[in-house]
Participant: 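Below: one structure in structure tokens.
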Amino acid sequence: MAVDLLLGLQWGDEGKGKIVDVLTSKYDIIARFQGGPNAGHTLVFNGKKHVLHTIPSGIFHEDKINLVGNGVVIDPVIFKKELDKLQEQGIDYKKSLLISRKAHIILPTHRLLDAASEASKGKAKIGSTLKGIGPTYMDKTGRNGIRVGDMEMADWKEKYRALADKHETMIAFYDVDVQYDLPELETEFFESLETLKSLTLIDSEEYLYQAMKAGKSILAEGAQGSLLDIDFGTYPFVTSSNTTAAGACTGLGIAPNKIGEVIGIFKAYTTRVGSGPFPTELIDEIGETMGRVGHEFGATTGRPRRCGWLDLVALKYACQVNGVTQLVMMKGDVLSGFKTLKVCTAYNYKGTTIKHLPFNIEEQNVSPIYTELPGWNADLTDMTEASQMPKALLGYIEFLEKELELPITVVSVGPDRKQTIVR
Ligand code: GDP
Ligand code: IMO
Ligand code: MG
């Protein structure tokens, strides 16, 4: 049995949570493989909105298994808050939620280090979500991290103290104003760890191997987006994990030849939260309208998202790096009402026209070249079938399919589970 992947193709917030929830009924296991509480995945059903940060978006289907893989970084404090919310909703996660022993733990001092690092950068800051993601992955690759499974070892608290002490020295080294009360943070941290320890901790790569052998179907849920990938994104304005397809192999222990469908998800326009280059950004009334109509505010930080036209050069690159086999287009409804739509089909790169993503897409090097397409003026949000779509929307979809040489199999026309059209 193959493992299907669902990955964001832009700078995150494409609508992964919604589509994973919609697709969950087709799978036995939903697994997160990277990132941590920097993610905010929104699900809407039965008139209620739910935001998940670390827990996979299949959790509302109680008959399915939801796995937090080894590539994920877990903040026990945020994790406990997520669990408390699920409990309030009457969701019984005790049997359905599994945690990899190899997942790394975000310590309170990782969050403080994130804040100190960002403060020290001034204007050049990444615009991190300040959840401690960068410092935790640094300790992972630096071979200093603490993993979920370490908590089962006798000496782990000594390991913790040594690492937290080192972090405090590093925070002081930054010489910036970061106020904190570590004993208070630690009280909350250790309390929350007890909750984490009470969950089912497993050797997840072995679990998945056996599940596959037994014919179970698995969907791997990406966090962030391809342009935030540590290797292929707009470095250094990226996150600290591999958000692309290869990340699912390392983040779950799945062999590359076990990957089946790679479902790439994108918005019908583009958004970005945080700093970094964004060639098609619109700092005008059109961008403002996209943000207002699309409610473009971060699900984790509440920050307004920057908005702009769809960038097909970047999207094509993401499809290529991930080996996307089918596409899901989100938020088509937000573009309703624009007379003309623009799509970036090439870049002017230092005076020449190029169609691939170059090393540097900073404003001084790259300006977008647009193709104009007719817009539509219809409320899409009640549509349930492709045959109801306005002609211009079909034209927009077909143009993208031709450019990207991939089928768009699902079109989302609103935040609700039901507002999903399968083509
Ligand atoms: P994720 O991080 O990829 O899961 O995406 P987020 O949840 O951060 O952001 C997507 C936002 O768009 C959420 O507020 C969703 O409720 C909303 N959303 C998802 N699909 C659609 C859609 O087709 N139309 C509209 N208008 N909103 C959508
Ligand atoms: P989901 O899964 C959008 C961005 C931050 C910042 C950069 C680095 O909801 O799509 P980090 O906290 O990872 O060190 O921040 O990455 N970022 C996201 N942007 N959606 C996300 O997740 C993001 N996770 C991180 O804004 O620019
Ligand atoms: Mg999000």
Participant: Would you check, one step at a time, whether the test side-chain contact (heavy atoms from CB on, under 4.5 Å) holds for Leu86 with Ile59?
Facilitator: CA-CA 9 Å; Leu86 288 176; Ile59 198 71; 3.8 Å; yes
Participant: For His41, give me all partners under side-chain hydrogen bond (donor to acceptor under 3.5 Å, both in side chains), at least two apart in sequence or on another chain.
Facilitator: Glu221
Participant: Less than 6.0 angstrom from the centroid, inside 45 degrees of the normal: does Arg272 satisfy that with respect to the ring of Phe278?
Facilitator: no
Participant: Between Thr409 and Gln326, does any side-chain donor sit less than 3.5 Å from a side-chain acceptor?
Facilitator: yes
Participant: Can a donor-acceptor pair be found, under 3.5 Å and without considering hydrogens, that links the side chain of Glu62 to the backbone of Ser96?
Facilitator: no
Participant: Does a side chain donor of either Glu363 or Asn365 reach within less than 3.5 Å of an acceptor in the other side chain?
Facilitator: no
Participant: State, yes or no, whether a side-chain contact exists between Ser100 and Arg147 at a heavy-atom distance under 4.5 Å.
Facilitator: no
Participant: Does Leu98 reach the side chain of Tyr207, with side-chain heavy atoms less than 4.5 Å apart?
Facilitator: yes
Participant: For the ring pair Phe60 and His50, is the centre-to-centre distance below 6.0 Å?
Facilitator: yes
Participant: Got a sec: does the CG of Asp84 have more than 12 other heavy atoms crowding it under 6.0 Å?
Facilitator: yes
Participant: Is it true that a side-chain atom of Lys18 and a backbone atom of Gly414 form a donor plus acceptor pair closer than 3.5 Å?
Facilitator: yes
Participant: Checking Thr289 side chain against Glu285 main chain: does a donor-acceptor pair fall under 3.5 Å?
Facilitator: yes
Participant: Indicate yes or no: at least one non-hydrogen side-chain atom of His167 is less than 4.5 angstrom from one of Met170.
Facilitator: yes
Participant: Donor-acceptor pair, Ser412 side chain versus Met330 backbone, under 3.5 Å?
Facilitator: no
Participant: Checking side-chain hydrogen bond (donor to acceptor under 3.5 Å, both in side chains) for the pair Asn242/Thr250: CA distance, chi angles, key distance, verdict?
Facilitator: CA-CA 9 Å; Asn242 280 115; Thr250 57; 5.6 Å; no
Participant: Can you check whether Ala314's main-chain N or O pairs, donor with acceptor, with Asp311's side chain at less than 3.5 Å?
Facilitator: yes
Participant: Side-chain contact test, heavy atoms from C-beta onward, threshold under 4.5 Å: evaluate it for Lys102 versus Val148 and give yes or no.
Facilitator: no
Participant: What are the two closest heavy atoms between Ala103 and Gly69, and how far apart are they?
Facilitator: CB-O, 3.6 Å
Participant: What are the two closest heavy atoms between Lys131 and Ile106, and how far apart are they?
Facilitator: O-CG2, 3.5 Å
Participant: Salt bridge between Lys402 and Glu398, side-chain N to carboxylate O under 4.0 Å?
Facilitator: no
Participant: Could you check whether any side-chain N or O of Asn322 sits under 3.5 Å from a backbone N or O of Ala318, counting only pairs where one atom can act as donor and the other as acceptor?
Facilitator: yes
Participant: With rounding to the nearest 0.5 Å, note down the distance linking CG in Leu43 to CD1 in Ile19.
Facilitator: 10.0 Å
Participant: When you look at Glu261 and Thr325, which way does the side-chain hydrogen bond (donor to acceptor under 3.5 Å, both in side chains) test go after all the steps?
Facilitator: CA-CA 6 Å; Glu261 288 294 310; Thr325 57; 2.7 Å; yes
Participant: Do Ser128 and Glu118 come within less than 4.5 Å of each other through their side chains, counting heavy atoms only?
Facilitator: yes
Participant: Side chains of His110 and Asp139: do they bring a donor and an acceptor to under 3.5 Å?
Facilitator: yes
Participant: Main chain of Tyr349, side chain of Thr352: is a donor-acceptor contact present, judged purely on distance under 3.5 Å?
Facilitator: yes
Participant: Do the side-chain N and O atoms of Thr243 and Gln224 include a donor-acceptor pair separated by under 3.5 angstrom?
Facilitator: no
Participant: So Val273 and Asp13, side-chain contact (heavy atoms from CB on, under 4.5 Å) or not? Walk me through it.
Facilitator: CA-CA 9 Å; Val273 61; Asp13 302 329; 3.9 Å; yes
Participant: Answer with yes or no whether the side chains of Tyr269 and Glu296 bring together a donor and an acceptor at under 3.5 Å.
Facilitator: yes
Participant: If only side-chain N and O atoms count, and only distance matters, is there a donor-acceptor pair under 3.5 Å linking Thr371 with Thr345?
Facilitator: yes
Participant: How would you list all residue pairs meeting ring-ring contact (aromatic ring centres under 6.0 Å, His included) that involve residues 145-165, not counting sequence neighbours?
Facilitator: Tyr160-Phe189, Tyr160-Phe190
Participant: Would you say the side-chain atoms of Ser57 pair up with the backbone N or O of Asp21, donor to acceptor, closer than 3.5 Å?
Facilitator: no
Participant: Apply side-chain hydrogen bond (donor to acceptor under 3.5 Å, both in side chains) to residues Thr54 and Glu82 and explain how you reach the verdict.
Facilitator: CA-CA 8 Å; Thr54 326; Glu82 284 192 70; 2.9 Å; yes
Participant: Give me the atom names and distance for the closest heavy-atom approach of Gly287 to Cys307.
Facilitator: O-CB, 3.6 Å
Participant: Between Thr136 and Lys140, does a side-chain hydrogen bond (donor to acceptor under 3.5 Å, both in side chains) hold up when you go through it step by step?
Facilitator: CA-CA 6 Å; Thr136 306; Lys140 174 179 176 173; over 6 Å; no
Participant: Mind running side-chain contact (heavy atoms from CB on, under 4.5 Å) on Phe237 and Ser275 for me, showing each step along the way?
Facilitator: CA-CA 6 Å; Phe237 301 101; Ser275 328; 3.7 Å; yes
Participant: Above 12 or not: heavy atoms from other molecules or residues under 6.0 Å from NZ of Lys197?
Facilitator: yes
Participant: Any donor and acceptor pair, going by atom type alone, linking the side chain of Asn66 with main-chain N or O of Leu97 inside 3.5 Å?
Facilitator: no
Participant: Evaluate side-chain contact (heavy atoms from CB on, under 4.5 Å) for Leu373 paired with Thr340, printing each intermediate quantity in order.
Facilitator: CA-CA 6 Å; Leu373 297 167; Thr340 309; over 6 Å; no
Participant: I need the Thr270 OG1 to Leu227 CG distance, nearest 0.5 Å.
Facilitator: 9.0 Å
Participant: Do Lys64 side-chain atoms and Tyr27 backbone N/O form a donor-acceptor pair below 3.5 Å?
Facilitator: yes
Participant: Should Ser120 and Tyr174 count as side-chain neighbours, where that means a heavy-atom distance under 4.5 Å?
Facilitator: yes
Participant: Applying ring-ring contact (aromatic ring centres under 6.0 Å, His included), which residue pairs with at least one partner in residues 208-232 are found, sequence neighbours left out?
Facilitator: none
Participant: Just wondering, are more than 12 heavy atoms of other shown residues or ligands nearer than 6.0 Å to CD in Glu184?
Facilitator: no
Participant: If we only count heavy atoms from C-beta on, is the Leu404 to Leu327 side-chain gap below 4.5 Å?
Facilitator: yes
Participant: Find out whether Leu67 and Phe33 are in side-chain contact, i.e. whether some heavy atom of one side chain is under 4.5 Å from a heavy atom of the other.
Facilitator: no
Participant: For Ser240 and Gly134, work out which heavy atoms get closest and say how close.
Facilitator: OG-CA, 3.3 Å
